[in-house]
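Notes for the one structure printed next.
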Amino acid sequence: MLEGPFLSIIVPTYKEAENLPELIRRVEAVCEETVPGYELLVMDDDSQDGTEEVVGQLDRPWLRLVVRKADRGLSAAVMDGFRSARGKVLLVMDADLSHPPEKIPEMLAALEEGADFVLGSRYVQSASTDEAWGVFRWLNSKVATWLARPLTRVKDPMSGFFAFYRSAFEAAPPLNPVGYKIGLEVLVKCDCKSVCEIPIHFSQRRFGESKLSLGEQLRYIQHLRRLFVFKYGNWAHFVQFAVVGFSGTLVNLGILTLLVELGVPLRLAVALAIFTAMLSNFVLNRRFTFSYARTASLWKQLVGFIGASSVGALVNYGVVLVLFHCWPVLEGYPQVAAIGGILCGLVFNFFASRYLVFRKS
């Protein structure tokens, strides 16, 4: 076993035994001549597909297999790889042969030239993907990249082929990735300023099946939400709160319309619609916007939220009256005054909810 290798290559696997021999052969062909000491960590989620036998038969001193039987998942496997690695540089790549090991020297050179994060990119000049990749998968990747724009300006933040210095990982706040986009987590949490994208040819997997699923895409949305909160703090919470508030308006209008159609008296219908919208907003804010407070008393939070929303409605009304008083011309444009009242009520509701109703324990 090499002492203190320069490079640790981390490869998370699940049922990738057929791909490993070629991957390891190509890594060896590249690294033996160009890298001053390296190790390859196969982080396997107990595949039971022959992975242990394949690695055992290859018998390389720089090759390590870690069979993970608990907390399985791609990001968790990579995180365990980070903690187990001994190299100065950490490099992550897939086992399905989609990432070309031949690009490793170029990625290491970029780090030595001053980059603090290097990724193999599909979307920079000279990069390419297999024609068999398909329109749907291309579109899915583009949409995911667009959603991550407020977090990073790199062209391919979805890439799972990246390298950075171990020191950045050790200095970063705790990483807590959800799903499979661990590279995006590192980019944001490690505060990487100088990012270099190396063009690669992204190949179609040869054996096995893709692990991408609807569940993984939903976890990606959850991951983005966490990173937005990490990077933007109160602003991220406020945007979520505003989106939930807008959804409550739609719920209010929908319930009101339904009750009126059912013949419920108008005043009662209005009251029931408002209460239903408040309840909907409470549930969504507790589940998403202020998810950190879900362990506190539900009923106490519900009463507090309804109270805060009621006061917020009074703030809304009061602001409209003040605007009419200060600028009588607005009486001819009540919608403008209403917007001012809504915004003030929204801000009040947000801070009351954030620091009184759903406060951190």
Side-chain angles (χ1 to χ4, degrees), residues 5 7-27 31 38-56 58 60 62-87 89-101 103-104 107 117-120 122 141 144 156-164 166 169 172 174-187 189-190 200 202-213 215-217 219-220 223:
L7 172 66
S8 292
I9 303 170
I10 298 158
V11 181
T13 63
Y14 182 67
K15 298 189 182 301
E16 299 284 1
E18 291 179 288
N19 292 313
L20 284 175
E22 181 174 349
L23 174 67
I24 293 169
R25 177 189 63 77
R26 289 170 63 183
V27 166
C31 292
Y38 65 99
E39 63 177 354
L40 192 155
L41 285 74
V42 177
M43 309 298 297
D44 186 68
D45 276 359
D46 196 22
S47 298
Q48 299 186 19
D49 66 337
T51 292
E52 294 182 54
E53 291 77 9
V54 167
V55 174
L58 291 171
R60 300 292 195 275
W62 42 264
L63 179 61
R64 284 199 280 156
L65 171 67
V66 178
V67 179
R68 306 174 62 258
K69 297 181 181 292
D71 189 27
R72 296 190 296 176
L74 189 148
S75 288
V78 173
M79 289 298 298
D80 278 353
F82 288 164
R83 289 185 281 265
S84 300
R86 298 172 297 131
V89 173
L90 306 177
L91 185 146
V92 179
M93 65 186 305
D94 290 346
D96 61 7
L97 305 175
S98 60
H99 298 150
K103 285 289 182 175
I104 290 176
M107 296 172 75
F117 187 91
V118 180
L119 59 87
R122 297 162 289 182
S141 178
D156 193 7
M158 303 298 103
S159 176
F161 187 23
F162 60 90
F164 64 109
R166 178 190 188 87
F169 168 69
L175 302 186
N176 187 27
V178 179
Y180 62 105
K181 296 307 178 187
I182 179 67
L184 183 60
E185 177 90 1
V186 173
L187 261 173
K189 291 284 187 72
C190 293
I200 66 169
F202 187 87
S203 301
Q204 186 80 356
R205 78 160 41 244
R206 299 187 185 179
F207 305 104
E209 298 179 356
S210 172
K211 311 304 186 292
L212 182 63
S213 64
E216 287 293 348
Q217 293 180 68
R219 279 188 283 274
Y220 172 65
H223 189 194

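Only heavy atoms go into these numbers, but all of them, side chains included; no hydrogens, no water, no symmetry mates. Since we're looking at a predicted model, the values are computed, not measured.
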Side chain to side chain contact (heavy atoms under 4.5 Å, CB included) evaluation trace for Asp80 with Asp71 | CA-CA 10 Å; Asp80 278 353; Asp71 189 27; 5.8 Å; no
Considering all heavy atoms of both residues, which atom of Gly81 and which atom of Leu41 are nearest to each other, and what is their separation?
-> O-CD2, 4.0 Å
Are the side chains of Leu91 and Phe161 in touch, meaning some heavy atoms are under 4.5 Å apart?
-> yes
So Phe169 and Met79, side chain to side chain contact (heavy atoms under 4.5 Å, CB included) or not? Walk me through it.
-> CA-CA 10 Å; Phe169 168 69; Met79 289 298 298; 4.0 Å; yes
Validation row: Pro12, Leu74 side chains within 4.5 angstrom (heavy atoms) = yes
Heavy atoms, side chains only, cut-off 4.5 Å: are Leu40 and Trp62 in contact?
-> yes
Side-chain (Arg64) to main-chain (Ser84) donor-acceptor, under 3.5 angstrom | yes
Minimum side-chain heavy-atom gap Ile9-Ile104 below 4.5 Å = yes
Taking Glu39 for the side chain and Arg86 for the main chain, is one N or O donor matched with an acceptor at less than 3.5 Å?
-> yes
Ion pair check, Lys15 and Asp49, cut-off under 4.0 Å = no
Once the angle between the rings of Phe82 and Phe164 is folded into 0 to 90°, is it parallel (under 30°), tilted (30 to 60°) or perpendicular (over 60°)?
-> perpendicular
Rounding to 0.5 Å, atoms OG (Ser98) and CD1 (Ile200) come to a distance of 7.0 Å
What is the minimum heavy-atom distance between Ala17 and Pro21, and which atoms define it?
-> O-CD, 3.2 Å
Rounded to the nearest 0.5 Å, what separation is found between the NE2 atom of His99 and the CG atom of Leu119?
-> 10.0 Å
Nearest heavy-atom approach of Tyr14 to Ser47 is CA-OG, 3.2 Å
Which pair of non-hydrogen atoms, one from Asp96 and one from Asn19, has the smallest distance, and what is that distance?
-> CA-ND2, 3.7 Å
Result for side-chain hydrogen bond (donor to acceptor under 3.5 Å, both in side chains) between Arg68 and one of Asp45, Asp46, Thr13 points to Asp45
Below 4.5 Å, heavy atoms only, C-beta onward: do Arg26 and Pro100 meet side chain to side chain?
-> yes
Can you tell me how far the CG atom of Asp156 sits from the CZ atom of Phe162, to the nearest 0.5 Å?
-> 12.0 Å
CG on Leu63 to CD1 on Ile24, rounded to 0.5 Å = 4.5 Å
For Val92 and Val78, work out which heavy atoms get closest and say how close.
-> CG2-CG1, 3.9 Å
Between NZ on residue Lys189 and CG on residue Leu184, distance to nearest 0.5 Å = 10.5 Å
Closest non-hydrogen atoms of Ser159 and Gly120, given as atom of the first, atom of the second and distance, are OG-O, 2.7 Å
Taking C-beta and beyond as the side chain, do Met93 and Leu23 meet within less than 4.5 Å on heavy atoms?
-> yes
